[in-house]
Amino acid sequence: MTKTLAELRSRRWFAASDMRAFAHRQRIQQMGLRREDVMERPIIGIINTWSDLSPCHAHLRERAESVKRGVLMAGGMPFELPAMSLGEVMVKPTTMLYRNFLAMEVEELLRSLPLDGVVLLAGCDKTTPGTVMGAISAGLPTLFCPAGPMISDRYLRHGQPPRVIGAGTHTRMFWDEYKAGRIPEDEWVQLEAKMTRAPGTCNTMGTASTMTCLVEALGLMLPGAAAIPAMDSAHTRMATDCGEHIVQMIWQDLTPARILTRGAFQNALVVQMALGGSTNAVVHLIAMARRAGVDLTLADMDAVAARVPVLANLFPSGNKLMEDFYYAGGVPALMNRLREHLSLDELTVTGATLGKNIDGRPSLDDDVIRPVDQPVSTAGALAVLKGNLAPDGAVMKPSAADPKFFKHRGRVLVFDSPLQMNERCADPALDCDENTVLVLRNAGPVGAPGMPEWGGLPIPKRLLDRGVRDMLRISDARMSGTHYGSCVLHVSPEAAIGGPLALVQDGDEISLDLEARRLELHVDEAEMARRRAAWVAPVQPYARGYVKLYQQHVTQAHEGCDFDFLQGAAPTPEPAIY
Ligand code: FES
């Protein structure tokens, strides 16, 4: 399949002989460009999620220049387009509230402007699914250029061996140590400057690295790109390659619709499980798949999780960082290890199949990318739970949890808000022990709103002081992909719309049976009916604006949390030419 100059989408803007086309060409020349720059070349949009408050993307302005260089060398014409940046740790209450906003922005930018293809510059958590979802719906040839993980650092303590440290997982670990009084104040302050020493995304297998690796597995990225450290010169060269390659993709008409098949999503699931990837990928993959017209369900994910072990020895399931994964060969090497589980004939952005892309890409470090018979964990990267507490499902990451909670029954402590949770957990007299089940509700897509990463509920202070580091915790929230613990997440339907989680009371008992995939609240049906009749929905203070739109249209976690009116692959008409 090849395209000619006359068939380019941008010709609708520039090549006509009417007054509007005259104005388009005129305004291009107003910017100092030449008429032939837009008349004789494919036009490439570079969606850039850089901003001064997006530390993981601090280098993306420079990378955009590299992409432009590649586009120009290949005979295209680049235009950089800023989009919402969503720096994960700066945005409150959560970037998840704005993922769909970014997706809408990207889709409408691509549709409304004279573009033939797009390079997406993103990587920090929600920016990856947000930009990809928008690009899928816009339908233009799309190439994802990942921000790349940050480089690692060392934590040196006198008299102790040096420890390699990264972002996210280590923050949580050190915070627990600090709260337990095991890290002095001056060292705690020094650690602020240690864990995130350079631009780039979190370097554990958190949500950012999970999502960029999955986009590579889907076939939307140049092979090996996801693991290249942001501050490596190879990253700059990769960005130039992206610019050069998108031009070829336009001539080949390599659109997402040709790449994102059910087989491609199955491949992404295999990689998600082998990475021990973030549970956040569950909602993002479902949302992306639905945009592509693929019906991906929690049951599909549980089935893949049951047969694919965790092979990538990366925090939080293992003990290495993304830099190690890069040296070991990255996603192509991991996928090469998993050939028997993959659909190798899927088309990718290279124009070749996945199988061809990963041929001859062995693991270069078997401690980082483990052989199939020496997995990091056989507990699985994901388990989908159902039961009377989660009729539409909930998820857990067994590979990052303490196995002693895989079959557990305990008395419940329930919190209605993070504020209440933090106050009660700080109380040294809180009535709880290590078998208590902690529950947080009203933290889902509608309730919070935006389903923040509050699902790694804190261990109560009195138990922390006794050395307790994990407990069974349940919520309708998400959890940061860099975190660990026995946390049941994404309980659906959520409490704020009347899901069973809303009816739980202190002192109830909840049981988890991981093997049976069951999550049950042990309260009889008559009592549940009484509580249901008495339940009153939490008051929502949002009477206007984007958040009101969000609460009216967001779908539940098991459906991907996309807006109901954005789902599906139904074609949207091209803008009118006048
Ligand atoms: Fe940006 Fe973790 S904060 S990737």
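Each ligand, and each atom within it, is numbered from 1 in the order the structure gives. Note that these values count all heavy atoms, side chains included, but never hydrogens, waters or copies made by symmetry.
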Residue pairs passing the salt bridge (Lys or Arg N to Asp or Glu O under 4.0 Å) test where at least one lies in residues 87-107, sequence neighbours excluded: Glu88-Lys126, Glu107-Arg111, Glu107-Arg291
Under a 4.0 Å threshold between the charged nitrogen and the carboxylate oxygen, would Arg469 count as salt-bridged to Glu177? yes
Salt-bridge criterion met for Asp366 and Arg337 (N-O under 4.0 Å): yes
Flag side-chain contact, heavy atom, 4.5 Å: Ile474 against Leu501: yes
Angle class for the Phe563/Tyr550 ring planes (parallel below 30°, perpendicular above 60°, tilted otherwise)? perpendicular
Shell check on atom 1 (Fe) of ligand 1: protein N, O or S atoms less than 2.8 Å away are Cys56 SG, Cys124 SG
Ring pair (Phe, Tyr, Trp, His ring centres under 6.0 Å) evaluation trace for Tyr155 with Phe174: CA-CA 11 Å; Tyr155 179 39; Phe174 289 135; 5.0 Å; yes
